[in-house]
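Worksheet: one structure, shown below.
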Amino acid sequence: MSSATEFLEAGQEGFEKRDSSGVEKFITDDFEMITPLRTEARQGFLDWVAAGGSPTTVSDIEVIYENDDIAVVYHALQSGNAVGAKVMCCGSKRDGKFYSWRVAMAAA
């Protein structure tokens, strides 16, 4: 299993349990999640996961490409107004952890 898949599955579990401790091991201290709507630093991201997202559901994860430096992932998303959206993400890695997770929304 890829680290990107594990990260997203840990995030989904965190949303469901309202507990961000499972995703912490996948991100660096200077982690940022960048979306078309906002940028969240590590603590803001962890707080968002612990709050259950908006609520947020991630499903149908497909890793397009992953190596030691980058992961490109496509998945389905339901969150706030993004019901049935398809999302492309690019995670940048350092020392086996993500320091950046960039989300690009595609068509709903």
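In this text the structure is predicted, and so the values were computed from the model without any measurement.
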Practice task
Apply the test ring-ring contact (aromatic ring centres under 6.0 Å, His included) to residues Phe7 and Trp101: give CA-CA distance (whole Å), side-chain angles for both, the deciding distance (0.1 Å), then the verdict.
Solution key: CA-CA 11 Å; Phe7 171 60; Trp101 192 262; 4.9 Å; yes
Fill in the blank from the handout: What one should report as the nearest heavy-atom pair of Ser2 and Glu66 is CB-OE1, 2.6 Å
Handout entry: Validation row: Arg38, Met33 side chains within 4.5 angstrom (heavy atoms)
Key = yes
Handout entry: Residue list, salt bridge (charged side-chain N to carboxylate O under 4.0 Å, His left out) with Glu13, at least two apart or on another chain
Key = Lys17
Handout entry: Pairwise distance CD1(Ile34) to CZ(Arg102) - rounded to 0.5 angstrom
Key = 4.0 Å
Fill in the blank from the handout: Closest non-hydrogen atoms of Lys93 and Asn67, given as atom of the first, atom of the second and distance, are NZ-O, 2.7 Å
Practice task
Report yes if the side chains of Tyr65 and Ile70 come closer than 4.5 Å at any heavy-atom pair, otherwise no.
Solution key: yes
Exercise for the section: Considering non-hydrogen atoms only, spot the tightest contact between Val23 and Ala10 and give its length. Expected result: CG1-C, 3.5 Å
Problem - By side-chain contact (heavy atoms from CB on, under 4.5 Å) - contacts of Glu24 (at least two apart) - result: Ser21, Arg42, Leu46
Handout entry: Shortest non-hydrogen contact between Val58 and His75, atoms and distance
Key = CG1-ND1, 3.5 Å
Problem - Results of side chain to side chain donor-acceptor pair (under 3.5 Å) for Glu32 - residues two or more places apart only - result: none
Practice task
Mind checking side-chain contact (heavy atoms from CB on, under 4.5 Å) for Glu62 and listing every partner two or more places apart, or none if nothing turns up?
Solution key: Ile64, Tyr74
Fill in the blank from the handout: Output for pair (Leu8 CG, Phe26 CZ), nearest 0.5 Å, gives 9.5 Å
Exercise for the section: Could you tell me whether the side chain of Val87 reaches within less than 4.5 Å of the side chain of Cys89, counting heavy atoms only? Expected result: yes
Completion exercise
Closest heavy-atom pair, Gly53 versus Phe15, reported as atoms and distance to 0.1 Å, is N-CD2, 3.6 Å
Practice task
Name all residues meeting the side-chain contact (heavy atoms from CB on, under 4.5 Å) criterion together with Thr28; count only those two or more places apart in sequence or in a different chain, and write none if there are none.
Solution key: Asp30, Phe31, Arg94, Lys97, Tyr99
Problem - Non-neighbouring partners of Ala50 that pass side-chain contact (heavy atoms from CB on, under 4.5 Å), sequence neighbours left out - result: Ser20
Problem - Interatomic spacing from CD in Glu16 to OG1 in Thr57 - rounded to 0.5 Å - result: 7.0 Å
Problem - Taking every non-hydrogen atom, the tightest pair across Asp19 and Val49 - result: O-CG1, 4.2 Å
